[in-house]
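Okay, structure first, notes after.
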Amino acid sequence: MTYADRLHPLTVFLWYLAILVLTMTATSPAALLPLFVSAVLLRGVQIGAKRLLAGVPLALLLLLSVTAINLFLVHRGAKILFFLNGKPVTLEAGLAGVSSGVMILSVILFCSCLARSLPGDRLLSLFARRLPRLALLLRMTLGFIPRLRLRYREITDARGALGLADERGVIRKIRARLSDLSILTTLMLEESMDQADGMRARGYGLPGATRAVTEPKTFRDGLLAGALVLLLVPALYPLFSGRGEWNWYPLDTAALLPDLPLALCYAAGTAIAVLPIFLEGKETLKWHILRSRI
Amino acid sequence: MAYLTLSDLTFAYQGAASPALAGCSLSVGEGEFLLVVGRSGCGKTTLLRCLKPALAPHGVTAGDVALGGTSIGDLSPRDAATLIGFVGQDPERQTVCDTVFAEIAFGLEAVGVEGTLIPGRVAEAADFLGIAHLASRKICELSGGEKQLVNLASALALRPRLLLLDEPVTRLDPPAKLRFLSAVRRVNEEAGVTVILAGHDTEELFPVVDRVVYMDAGRIVSALPPRAFVKEAAGEALSFLPTVPRVFRLANGTGEPPLSVREGRLWLTGTLGGKAVTEPDGTDDATAKDDALKTQELLSARDVWFRYGRNEPDVVANLSCTLSPGEILSVVGPNGAGKTTLLKLLAGILCPFAGTVRYEGKRGLPKPGRDGIAYLPQNPALLFARDTVREELREMTGGTPDGDERIERMSARLYLDGILDAHPYDISGGEQTRLALAKLLLLSPRVLLLDEPTAGLDPIAKKQLRDLLRELAKSGCGVVLATHDLTFAAVISDRVATFFRATLASSSDVRRFFSGNRFYTTQAVRLTRDLLPVSLTADEAVAVLKERAGGAT
């Protein structure tokens, strides 16, 4: 049970949507860095330091490759580090690469946080009302995939045991696999007929279908939605006013520190990302305290 | 006052030579519980489907079906969906959604129940059937029995007044079967829902139902209360009698026919007039036979361990077993215990994590193919890749010169000669099992591994399978059956083993196994225990009774 579980999925979804938009549009280091730190902290609160650290090598690899790609493909910038094949390799290109890498990492981290805060079925229930057909399709697919994999396994096992799969030669092997796939298709078609019966038997396709209301909105949702709107206005200001525009080529070190109004806007954006850390962290802490008292 | 009335209902599938239903007339009172029996393909499923407009098969219909005085054709689609609930045979195939809650809510949403009321309706249905704790589980993680209860709950959530159940428990193991059937009984008794159930599970249902409808070749031959059905049954209908009434009929019992084991024992006590025998039966013989069989070894497993993932529990742990030539070994136990895994280990499909599987005394298994080990999966359709039965058989003979001749012989032996040009998906379940067996037998296997071969077979198809397996065993083929059909295990096996806690908990001669068990045994044993020399099957009990009657006169 996390804090997000007690909120309406729409609140959680909108909150993360705001964070993702802010992260993806953050170009200046002053805006991006606090968001990245929040992403790391939030994920850490969710899954613990140990599992977070386990992901470091992969993150470093991603960061390095994005930096390297930018470094060797973009040749703009004033501070030339060295020449490669007669082309300049610049400090700015390297920094811009690191910045993009950090942005991508932050987005990945926030997305995994979202997936944890809003598991598949809750996310789906969000769309069910607006897009009932799509939601049903998704639900059916989610139910279908494990069955499909199981059936394929059963088919290859059963035919393999008859010696029908162990054919020598590439062509024969391909033919054996195609046979397996053809059985799978026929079986699944047969099963879909039964499934369609199951749907029709329960009145699927009648006009006036409804959706189950399983998650009522609460006062807490209203409070958080209000806070989100209040914070979003300043947080989005740099994006829409053009003031937050950042250019790495050439690097203007004086602009790295924003002026006060811009800093306040970034602070609002950071606050949106920090609040979930606070709420989830408080939850974890509460459990620890409760447990120590028991 | 009849609630459901069938007047001269006739139905023919498009292009079929003979009608699937011919002049069926029946009137069912509100709250009645009907059991429909008959051979596979006799029209049971067609009859049930004709009662539910959304599922009515395509074809030519004549006659009328009325529900509560209204012809079902005139019911609004919404009423037809809510008033008539339907649960089919395969628990896997009817589910639509990924979670239990969504599945039960599916029908309520479709018929337009107000969104805020749905959770309550789902909870009501789930609670009534005792599956409320499953509500947030994923469907794919449930057992077959649980899935079928979810299917029943989805039908019940719509508050039907008529519930149609088409062989709902054929794929379930005995405990799950009992759980499902007692749930159906509660629906009938406590909620007054009219129930029509088609199936071969007569042992559990005869004592419960109001009437037994016997169908043959699309006709309703009789629709009688169970005791009357027992008295009147003749010819083929006799094979649909459960063990206790069957013994009563075949032993020419007099008076009211018993339906349950309790009634059967009372009747037996009365008939025997206090001359009950309590001597244990043939245990010493059994031991001797056991030892004789052990001398030869065709296939064996020694201290085998297996699990599907490193961090998953052991599915097979420290298991040892042997199979001799010509021996039939039945492995019984609940679904999901690991019976299928054991068969796959013996077939070489899975590789033991520790321990060895030996074939003819040597480590390792022969390559799949001729003269080796053949494995029949629970769903025989997994093996079918061609368009006709003949092509299916040809797939096994390849281009060998005597191939066609062997196919002819095999199809005659397995009664497939009439359907050689049919599509493998268009034949009945029993025929599918025989076709899959024919494919296996064309490889002349020395060991046959069969996974639930009797699921969905009618009593007559079971008898054919029994004769075939006996014949194979006589020719030296070793057979391992994984089954939860105890009656079948009792008639066919030389040895029986229980799969429990990832290993074979007990393995003994069939007679010792079933006579030693009090509950996990056949109805015939429960009927005759302490009254007659223990009989494993109805026929055996009848023979004993006749012998005594002969001896007495």
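Letters go in sequence order (proteins before strands), and every chain restarts at 1.
For chain A, the option among B:N151, B:I139, B:I118, B:L164 with the highest count of heavy-atom pairs below 4.5 Å is B:I118. Per-residue counts of heavy-atom pairs under 4.5 Å with chain B were compared for A:S182, A:A201, A:S179; the largest is that of A:A201. Interface check for chain A: of the options B:P53, B:G348, B:G372, B:S154, the most heavy-atom pairs under 4.5 Å are formed by B:S154. Ranked by heavy-atom pairs under 4.5 Å with chain A, the list B:A102, B:A81, B:A110 is led by B:A110. Comparing A:A196, A:A161, A:P146, A:G198 by how many heavy-atom pairs each has under 4.5 Å with chain B, the most go to A:A161. Interface remark: of the candidates B:F101, B:F106, B:F86, B:F106 forms the most heavy-atom pairs closer than 4.5 Å to chain A. Ranking B:E103, B:Q378, B:E114 against chain A, the residue ahead of the rest is B:E103, based on heavy-atom pairs under 4.5 Å. Considering only heavy-atom pairs separated by less than 4.5 Å from chain A, the leading option among B:L350, B:L443, B:D451, B:L108 is B:L443.
With a 4.5 Å cut-off on non-hydrogen atoms, B:T82 does not touch chain A at all. Contact of B:N379 with chain A is made through the side chain alone, with heavy-atom distances under 4.5 Å. For chain B, the nearby parts of A:T186 are the backbone and the side chain; heavy atoms of each come within less than 4.5 Å. Interface residue B:C97: backbone and side-chain heavy atoms are both found under 4.5 Å from chain A. With a threshold of 4.5 angstrom between heavy atoms, B:A381 approaches chain A through its backbone and through its side chain. In this structure, the portion of B:I373 lying under 4.5 Å from any heavy atom of chain A is its backbone and not its side chain. Residue contact with chain B, scored on non-hydrogen atoms closer than 4.5 Å, involves the backbone and the side chain of A:R200 alike. Contacts of B:P77 with chain A are made by both backbone and side-chain atoms, with heavy-atom separations under 4.5 Å. B:K344 touches chain A through its side chain: at least one heavy atom from C-beta onward sits under 4.5 Å away, while N, CA, C and O do not. In this structure, chain A has no heavy atom under 4.5 Å from any part of B:Q89. With a threshold of 4.5 angstrom between heavy atoms, B:R121 does not approach chain A through any atom at all.
Side-chain atoms of A:R153 and B:I349, non-hydrogen and from C-beta on, never get closer than 4.5 Å to each other. By the 4.5 Å heavy-atom criterion applied to side chains, A:R151 and B:E92 are counted as neighbours. By the 4.5 Å heavy-atom criterion applied to side chains, B:Y425 and A:L187 are counted as neighbours.
Here CG of A:D157 is found 7.0 Å from OH of B:Y375. Values are rounded to the nearest 0.5 Å.
A distance-only check finds a donor-acceptor pair linking the side chain of A:R159 to the backbone of B:L383 [under 3.5 Å]. Looking at A:T210, its side chain does come within 3.5 Å of a backbone N or O of B:V113 through a donor-acceptor pair. Side-chain atoms of A:E154 do not come within 3.5 Å of backbone N or O of B:L382 as any donor-acceptor pair.
The two residues A:M199 and B:V96 have their closest heavy-atom pair at CG-CG2, 3.3 Å. Of all heavy-atom pairs between B:T95 and A:Q195, the closest is O-NE2, 2.7 Å.
The environment of CE in A:M193 is sparse: at most 12 heavy-atom neighbours from other residues, nucleotides or ligands sit within 6.0 Å. Other residues, nucleotides and ligands contribute more than 12 heavy atoms inside 6.0 Å of the CG atom of A:L60. Within a 6.0 Å radius of OH in B:Y308, other residues, nucleotides and ligands contribute more than 12 heavy atoms. Other residues, nucleotides and ligands contribute only 12 or fewer heavy atoms inside 6.0 Å of the CG atom of B:D387. Heavy-atom contacts from other residues, nucleotides or ligands closer than 6.0 Å to CG of A:L53 number more than 12.
A salt bridge links B:R49 with A:D197; the closest basic N to acidic carboxylate O contact falls under 4.0 Å. At a threshold of 4.0 Å, the pair B:E109-A:R202 does not count as salt-bridged, since none of the basic side-chain nitrogens sits closer than that to a carboxylate oxygen.
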May I have the step-by-step check of side-chain contact (heavy atoms from CB on, under 4.5 Å) for B:R93 and A:E191, ending in yes or no?
CA-CA 5 Å; B:R93 297 182 176 191; A:E191 295 197 6; 3.4 Å; yes

